[in-house]
2 protein chains.
Amino acid sequence: MVDGATQGGAPADRPRTMYQKVAADLRQAITEGGYGSGGRLPAEGDLAQRYGVSRGTIRQALSVLRTDGLVTSRRGTRRVVLGTERVQSFGELLSFTRWARSIGEKPGGRVVGLTRRPADETERDQLRLVAGAFVYRVLRIRTLSGRPAMVERTVYPEHIGALIARLKPDAVSHTVRLEEQGVMIADAQHTVDLVRADADDARLLGCRPGDALLRERRRSTDPAGAPIEWSDDRYLPGTVAFTVHNSAASGSLARRRGTPPPPNN
Amino acid sequence: MVDGATQGGAPADRPRTMYQKVAADLRQAITEGGYGSGGRLPAEGDLAQRYGVSRGTIRQALSVLRTDGLVTSRRGTRRVVLGTERVQSFGELLSFTRWARSIGEKPGGRVVGLTRRPADETERDQLRLVAGAFVYRVLRIRTLSGRPAMVERTVYPEHIGALIARLKPDAVSHTVRLEEQGVMIADAQHTVDLVRADADDARLLGCRPGDALLRERRRSTDPAGAPIEWSDDRYLPGTVAFTVHNSAASGSLARRRGTPPPPNN
DNA sequence: AAGTGGTCTAGACCACGAT
DNA sequence: TCGTGGTCTAGACCACTTG
């Protein structure tokens, strides 16, 4: 049977299925340079024999690596190693806290404003709410090793916001707290552009109004497709860069340290 | 048998295989609102029967839609429509010209500088060249309906650059010209961040040195994994935004009109 | 308990690249 | 021509969600 982009559990989890085990194994071999950059992988049939699974399972594993941009694939020739870079997990992308830790910085956060009120039309549209529904709006300053890095404005539907409202103002990771209460994020849509700091941004980030900021707007949904949050995050210049790999039918986004050396693979 | 992220020909092409036909069919039904936003798709088995194919082929088709962020998928329940937005093609992302046309603007371009010289270390690293190899560097201003929008600095390995060097300075699309000569781009790695305009940027874009620009750096490779170009594109504020959908194991990047209304799905 | 999608098998044939 | 990955089939069993 066929499969597709294989949702598979978060790559952060321990591999549970055969194709995840194979993928993890091959990923390690690749990132450790076992095949070299530009090197060729064994044929699918060989891998199937080596791991004692069907060719289909091997293809499922390889599709994961292809989506991550680690290998090519084309008819007629063996797969080629495209890059040997570590791939960022979905969790690191969604959580400022996890991202900060993954790059060796100490994350901080403080809620500056929290209100509950009826959703306006844009919010109803984004969160798929009916007229009259309430939302929570959270304004929050995020720091890296004590220095202001980002201003976050997040809108939650009422049942999620109620959980957020109970957290301490300086709770480090709202995302992790939500996970602990069983709120899972399965999909996210991101928009990255450049925006001018308004008065609030300037005050909280310590810049001047009108200064340019890198903005990421994000809409996240749970496994059932129900909106969980709608956020507008504004980063000081030099704080982050966003990277994406894509091919004819794939791609993924990663958040990286600001103005990093040119991507190396 | 299993399959994966299904490289399938460019979605721009006419569907050639069964799963592409099914995917195109379902995509149209979804974007036309046939299932509604948040609606549920028929079961895989039902679709298999309706199209007269195996369940595996249906799953392959659905994996395409899942990668595009159009539908969810989880065990136990039918797939749910996540969004009904048009998905941008790989070609529109890679080619400024095609993108501009897709949003109804008239694209323009003019080569301002073209040099051939030995690659420096960074260029050798990016383009996977050996010491002593030559590269072409192209500096180019891009316009939307006559107004400057972006400055493009692209480095090509010698065999590709030689083709570019033969084009007229105001050739509209280098990407399309390369395609006509059989140069195909199969994968690309993007990095998006914020950068200050240098003297060249300011002169060509008509802004002041030090002004903030949205930068996209890109490394593209052919189907065999060989680097084709390494580019540094700098957009005037408000010109573009980049969007990405991702989930546990997928994602894709799209270029949009600058500071658009909040993403609608 | 029934319905549904996720994983896996064991084949088949085809399209393409390299030799 | 031969090896390789791409497409497709027809099953099987399992994990999960929902009533």
Side-chain angles (χ1 to χ4, degrees), chain A residues 1-10 13 15-23 26 40-49 51-66 71-81 182 184 186 222-226 247-250, chain B residues 1-10 13 15-23 26 40-49 51-66 71-81 182 184 186 222-226 247-250:
Chain A
M1 189 234 274
V2 174
D3 165 64
T6 227
Q7 85 172 36
D13 298 347
R16 297 168 188 285
T17 61
M18 274 311 301
Y19 81 85
Q20 287 172 348
K21 289 187 180 71
V22 173
L26 291 175
R40 293 160 82 191
L41 257 52
E44 294 176 357
D46 291 348
L47 289 171
Q49 199 162 10
Y51 286 99
V53 299
S54 79
R55 191 182 153 217
T57 299
I58 294 294
R59 284 179 61 76
Q60 211 173 346
L62 289 170
S63 97
V64 175
L65 303 184
R66 181 161 187 279
V71 300
T72 63
S73 66
R74 43 199 289 247
R75 255 198 282 243
T77 60
R78 292 193 185 169
R79 288 182 161 82
V80 169
V81 174
M184 303 299 291
D222 72 11
S247 57
S250 79
Chain B
M1 191 235 273
V2 173
D3 166 64
T6 229
Q7 86 173 39
D13 298 346
R16 297 169 187 287
T17 60
M18 272 312 300
Y19 81 85
Q20 286 172 349
K21 289 187 179 72
V22 173
L26 291 175
R40 294 161 83 191
L41 258 54
E44 294 177 356
D46 292 348
L47 290 170
Q49 199 163 10
Y51 286 100
V53 299
S54 80
R55 189 181 153 217
T57 299
I58 294 295
R59 285 179 61 77
Q60 211 171 346
L62 288 170
S63 97
V64 175
L65 304 185
R66 181 163 187 276
V71 300
T72 62
S73 67
R74 47 200 283 250
R75 254 196 282 242
T77 60
R78 292 191 185 171
R79 287 182 162 79
V80 170
V81 175
M184 303 299 291
D222 72 12
S247 58
S250 78

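Model, not experiment: these values are computed from the prediction. Below, chains carry the letters A, B, ... as their sequence lines are ordered, and counting in each starts from 1.
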- request: Specify the separation, in whole Å, of atom NZ of A:Lys21 and atom C1' of C:dC8.
  value: 13 Å

Interatomic distance, B:Met18 CE vs C:dC14 C1' [rounded to whole Å]: 16 Å

message: Are the side chains of B:Leu41 and B:Val81 in contact, using a 4.5 Å heavy-atom criterion?
response: yes

field: A:Thr17 side-chain N/O to C:dG6 phosphate OP1/OP2 under 4.0 Å
entry: no

task: By nearest nucleotide on DNA chain D, pick out whichever of A:Ala224 and B:Val53 is the more 5' one.
output: B:Val53

task: Would you indicate, yes or no, if D:dG6 has its OP1 or OP2 atom less than 4.0 angstrom from a side-chain nitrogen or oxygen of A:Arg59?
output: yes

Separation of atom CD in A:Gln49 from atom P in D:dG3, rounded to whole Å: 14 Å

message: Just to verify, what does A:Thr17 make a side-chain contact (heavy atoms from CB on, under 4.5 Å) with, not counting sequence neighbours?
response: A:Tyr19, A:Gln20

message: Tell me the interatomic distance from A:Leu62, atom CG, to D:dT4, atom P, rounded to whole angstroms.
response: 14 Å

message: Between A:Glu44 and A:Arg79, does any NZ, NE, NH1 or NH2 come within less than 4.0 Å of an OD or OE carboxylate oxygen?
response: yes

- request: May I have the distance from A:Arg55 (atom CZ) to D:dG5 (atom P), rounded to whole angstrom?
  value: 7 Å

- request: For the residue pair A:Leu26 and A:Val64, establish whether any side-chain heavy-atom pair is separated by less than 4.5 Å.
  value: no

query: Please give, in whole Å, the distance from C:dC16 C1' to B:Met184 CE?
result: 14 Å

- prompt: Any side-chain heavy atom of A:Val53 within less than 4.5 Å of one from A:Gln60?
  reply: no

What are the atom names and distances for every N/O pair under 3.5 Å that joins the protein to nucleotides 2-4 of chain C?
unit_1: C:dG3; atom_1: N2; unit_2: B:Gly76; atom_2: O; d: 3.1
unit_1: C:dT4; atom_1: OP1; unit_2: B:Arg78; atom_2: NE; d: 3.1
unit_1: C:dT4; atom_1: OP1; unit_2: B:Arg78; atom_2: NH2; d: 2.5
unit_1: C:dT4; atom_1: O2; unit_2: B:Gly76; atom_2: N; d: 3.4

Nearest-Å distance for atom pair CD/C1', residues A:Gln60 and C:dG6: 8 Å

Short side-chain to backbone donor-acceptor contact, A:Thr72 and A:Val80, under 3.5 Å: yes

field: Nearest-angstrom distance from the residue atom CZ of A:Arg16 to P of D:dC14
entry: 18 Å

- request: For the residue pair A:Thr57 and A:Met18, establish whether any side-chain heavy-atom pair is separated by less than 4.5 Å.
  value: yes

